[in-house]
Amino acid sequence: MQQIHEKINHWYLNNQRDLPWRRPGVTGWAVMVSEFMLQQTPVVRVLPVWEEWMKRWPAPEDLAAEPLSEALKAWGRLGYPRRAQRLHAAAVEITTEYNGQVPQTEAELRRLPGVGDYTAAAIACFAFGEPTVVVDTNIRRVQARLFGGMALPEPSPRASEFARAREVQPAGRREANLWNISVMELGALVCTARSPKCESCPVFDDCAWIAAGKPEPHYTPKGQAWHGTDRQVRGAIMAILREHEDPVPETTFLTDLSTQTHAMYVALGKLESPLEQRERALAGLLKDGLAVAEPDGVRLPS
DNA sequence: GAAGCGTGGGT
DNA sequence: TACCCAAGCTT
């Protein structure tokens, strides 16, 4: 196991990306913002938004002082705007409950809105050097191949994966810290989901998946539908709301929302009309607190 | 535990 | 083109 530690750590030290939230001296807040943005979103799309965000709101209290609408607009087209909502809520909580300081323990972080098991472990590890057990989609995939001999991990995280991550983690604070980021980076750059670069992998000779002859996945991932879904309509509505300071009349959504045609609905075999779906999608946004209804229209929450 | 939640680039 | 997938979280 120690040989594997050394190989992967050495690979990381020579191949890591120069990401701004990894640079020396970055704050816990900077790491936290990056982790929220990186939830289900690729690095290349996060980079410019993170730069602007940190320039405008260098500390939690700066964001907490702003209305939610500003966070949602700055979030732009990153996707999953509820992440911006939760990041804003977390900033308020940090300001009021933690004197503006991002908590450093995994347990405290875990209680913040939008912070799950992964994000809590990641912030504690990357920002504060805690030897937490970090398990993200990259690490799960590396583990599945390197130790499990499988093409892909199970669709959802299992307790056994956390147990194994804990077992293979090297002793020592700094050692665990380096190991976590190294395995994650290996999964992101070499041990990728599609067309992994096994020929340039530092642990090719140790890989159980290679030894087994690279068997195919034991299941077929089910893709997420998009065209004609509520999510598409919600996204279109949010895009309009971000563009307008004043309340937007509901009729605007019915005329300007060119996400799909009635013909597409017929093709999809939907019994529901586009109008009905838009009403429902808007109701969902209102319920989620991502939009607010006023007498003269709908706007982003303040 | 499954479902719902945005977006855009790569293959 | 259509589908896959990207440092997940919440209900």
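Lettering follows sequence order; numbering is per chain, from 1. Heavy atoms only: backbone and side chains are in, while hydrogens, waters and symmetry mates are out.
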(message) Testing Val46(A), Val33(A), Leu78(A) one by one against Leu38(A) for a side-chain contact (heavy atoms from CB on, under 4.5 Å), which residue passes?
(response) Val46(A)

(message) Between Glu167(A) and Arg164(A), does the salt bridge (Lys or Arg N to Asp or Glu O under 4.0 Å) criterion hold? Intermediate values first, please.
(response) CA-CA 5 Å; Glu167(A) 289 168 11; Arg164(A) 182 158 56 185; over 6 Å; no

(request) Determine the Euclidean distance between corresponding C1' atoms of dT10(C) and dG1(B); express it in Å to zero decimal places. (result) 13 Å

(request) For DNA chain B, determine which residues of residues 13-43 of chain A have any heavy atom closer than 4.0 angstrom to one of its atoms, and list them numerically. (result) Gln40(A), Thr41(A)

(message) Does this structure show an ion pair linking Glu97(A) with Arg111(A), if we count only N-O contacts that are shorter than 4.0 Å?
(response) no

(message) Taking the nucleotide of DNA chain C with the nearest heavy atom to each, does Glu185(A) or Arg110(A) sit closer to the 5' end?
(response) Glu185(A)

(request) Extract, from 5' to 3' on DNA chain C, the first and final nucleotides lying under 4.0 angstrom from some heavy atom of chain A. (result) dC4(C) to dT10(C)

(message) Quick check against the 3.5 Å criterion: does Glu66(A) have a side-chain atom that pairs as donor or acceptor with the backbone of His88(A)?
(response) no

(request) Determine the Euclidean distance between corresponding P atoms of dA7(C) and dA3(B); express it in Å to zero decimal places. (result) 23 Å

(message) Run the ring-ring contact (aromatic ring centres under 6.0 Å, His included) test against Trp21(A) and tell me which residues pass, sequence neighbours left out.
(response) Trp50(A)

(message) Quick one about Tyr80(A) and Arg86(A) (side-chain donor to acceptor, distance below 3.5 Å, no hydrogens or angles considered), yes or no?
(response) no

(message) Measure CD/Gln224(A) against P/dG8(B) and give the value in whole Å, please.
(response) 15 Å

Which atoms of nucleotides 1-3 of chain B (N or O only) lie under 3.5 Å from a protein N or O atom, and what are those distances?
unit_1: dA3(B); atom_1: OP2; unit_2: Lys222(A); atom_2: NZ; d: 2.9

(message) Can you list everything that forms a side chain to side chain donor-acceptor pair (under 3.5 Å) with Asn9(A)? Sequence neighbours excluded, please.
(response) Ser182(A)

(request) Report the residue (Leu112(A) or Leu152(A)) whose heavy-atom-nearest nucleotide on DNA chain C is the more 5′ of the two. (result) Leu152(A)

(message) Suppose you measure atom C1' in dG6(B) against the same atom in dA6(C); what distance do you get, rounded to whole Å?
(response) 12 Å

(request) Determine whether the aromatic ring centres of Trp75(A) and Trp53(A) lie less than 6.0 Å apart. (result) yes

(message) Is it the case that the side chain of Arg231(A) and the backbone of Ala225(A) share a donor-acceptor pair, with hydrogens and angles ignored and the cut-off at 3.5 Å?
(response) yes

(message) Could you tell me how far apart Asp288(A) (CG) and dC5(B) (C1') are, to the nearest whole angstrom?
(response) 9 Å

(request) Give me the residues of residues 76-88 of chain A where at least one heavy atom lies under 4.0 Å from an atom of DNA chain B, by number, or none. (result) Arg77(A), Leu78(A), Gly79(A), Tyr80(A), Pro81(A), Arg82(A), Arg83(A)

(request) Report yes or no: does Arg45(A) contribute a side-chain atom to a donor-acceptor pair with the main-chain N or O of Arg77(A) at less than 3.5 Å? (result) yes

(message) Counting the atoms with a prime plus P, OP1 and OP2 as sugar-phosphate, which does Ala193(A) contact under 4.0 Å by heavy atoms, base, sugar-phosphate, or nothing?
(response) sugar-phosphate

(request) Using modelled atom types only, decide if a donor and an acceptor are shared between the side chain of Arg173(A) and the backbone of Gly129(A) within a distance under 3.5 Å. (result) yes

(request) Take Asn138(A) and Arg141(A) through the side-chain hydrogen bond (donor to acceptor under 3.5 Å, both in side chains) test and state the conclusion after the steps. (result) CA-CA 5 Å; Asn138(A) 291 305; Arg141(A) 190 172 53 248; 2.9 Å; yes

(message) Looking at Asn177(A), is its backbone amide N or carbonyl O close enough to the side chain of Glu130(A) to form a donor-acceptor pair, meaning the two atoms are under 3.5 Å apart?
(response) no

(message) I'd like to know if Arg231(A) reaches the base of dT7(B) with its side chain, counting only an N/O donor and acceptor under 3.5 Å.
(response) no

(request) Evaluate whether atom CD of Glu216(A) has more than 12 neighbouring non-hydrogen atoms of other residues, nucleotides or ligands under 6.0 angstrom away. (result) no

